Amino acid sequence: FNSTAIPTTTLYLNENLILTPINSVLVQITFRGCSLGEVVHTSTDDEVAVCQECQTGFWQIDPSGIAVSCEACDPAEMYCFGGSNVGPRPGYWRMNETADIVLQCPRTESCVGNQFDFSVTGYNVTLNPTGECAETYTGHLCNNCIDGYAKAGESDSKCINCSTNAFAYIKLVLILG
């Protein structure tokens, strides 16, 4: 049994059976909380509460399950395709699926974000909530190099292959030397 009703409410129903008044039935109904990307929507006419998914262009990442409104997305930083299907655009990064801050990467080309072809997929795509890093990058803000690669200068410099770039070793020795 699944329900989209108001979260964290437990009802107990004791009802005497008509044929045998001595027996009773205990029914326990537990409603699920709203999920990421859903908000509690209460109908004004009949006071029924349901979980309603955020529309395209909006998001909600409150893990408590009791949020009552969706927030507008910043279309420059992220894609919001409805519900919890949100993720950063190229050049941006997000820590995890419940983070409400999307940050611009120090080296924007190291943050691939979410890339796809709208003409092929339309909005029918599952986004990576944190985005992707470019091929030789990893970590927070995609600002670290993968194993076998290093930065030869400033923290926002490009990751280069350690085994094939002798110039980087010379530059590193001169900087540290």
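Note that the structure is a prediction, hence the values are computed from the model and not measured.
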Legend entry - From OG1 (T130) to CG (N96), nearest 0.5 Å: 8.5 Å
Inset, instruction - Find out if the SG atoms belonging to C54 and C80 lie under 2.5 Å from one another. - result: no
Legend entry - From CA spacing to verdict: side chain to side chain contact (heavy atoms under 4.5 Å, CB included), C34, Q60: CA-CA 10 Å; C34 292; Q60 185 291 118; 5.9 Å; no
Inset, instruction - Tell me whether L141 is reachable from I101 by hopping between hydrophobic residues (I, L, V, M, F, W, Y) whose side-chain heavy atoms are closer than 4.5 Å. - result: yes
Inset, instruction - Tell me whether M95 is reachable from I61 by hopping between hydrophobic residues (I, L, V, M, F, W, Y) whose side-chain heavy atoms are closer than 4.5 Å. - result: no
Inset, instruction - For the pair Y137 (side chain) and C159 (backbone), establish whether a donor and an acceptor sit closer than 3.5 Å, ignoring hydrogens and angles. - result: yes
Legend entry - Interatomic distance, R107 atom CZ to K151 atom NZ [nearest 0.5 angstrom]: 8.0 Å
Inset, instruction - Decide yes or no on disulfide bond (SG atoms under 2.5 Å apart) for C111 and C142, but give the supporting numbers first. - result: CA-CA 6 Å; C111 292; C142 300; 3.7 Å; no
Inset, instruction - Decide if atom CD of E97 counts as having more than 12 heavy atoms of other residues, nucleotides or ligands within a radius under 6.0 Å. - result: no
Inset, instruction - First locate atom CG of D100, then atom CZ of R94, and finally report the distance between them rounded to the nearest 0.5 Å. - result: 8.5 Å
Legend entry - Distance in Å, L103 CG paired with H140 NE2, rounded so as to fall on 0.5 Å steps: 11.0 Å
Legend entry - Distance in Å, N144 CG paired with T136 OG1, rounded so as to fall on 0.5 Å steps: 11.5 Å
Inset, instruction - Indicate the atoms forming the closest heavy-atom contact of I146 with T138, along with that distance. - result: CG2-CB, 4.1 Å
Inset, instruction - With rounding to the nearest 0.5 Å, note down the distance linking OH in Y79 to CG in L127. - result: 8.5 Å
Legend entry - All side-chain contact (heavy atoms from CB on, under 4.5 Å) counterparts of T108, not counting sequence neighbours: Q104
Inset, instruction - Please report the closest heavy-atom contact between V40 and A49, naming both atoms and the distance. - result: CG1-CB, 4.2 Å
Inset, instruction - Kindly say whether V39 contributes a backbone atom to a donor-acceptor pair with the side chain of Q52 at under 3.5 angstrom? - result: no
Legend entry - Side chain R89, main chain P75, donor-acceptor under 3.5 Å: yes
Legend entry - N/O donor-acceptor pair under 3.5 Å between N143 side chain and C105 backbone: no
Legend entry - Minimum heavy-atom distance between V102 and P88, given as atom pair plus value: CG1-CB, 4.2 Å
Legend entry - Residues forming a ring-ring contact (aromatic ring centres under 6.0 Å, His included) with W59, sequence neighbours excluded: none
Legend entry - Heavy-atom pair with the smallest gap, counting every atom of G139 and C133: O-SG, 4.1 Å
Legend entry - Under the ring-ring contact (aromatic ring centres under 6.0 Å, His included) test, residues paired with Y149 that sit two or more places apart: none
Legend entry - Heavy-atom pair with the smallest gap, counting every atom of L36 and S84: O-CB, 3.4 Å
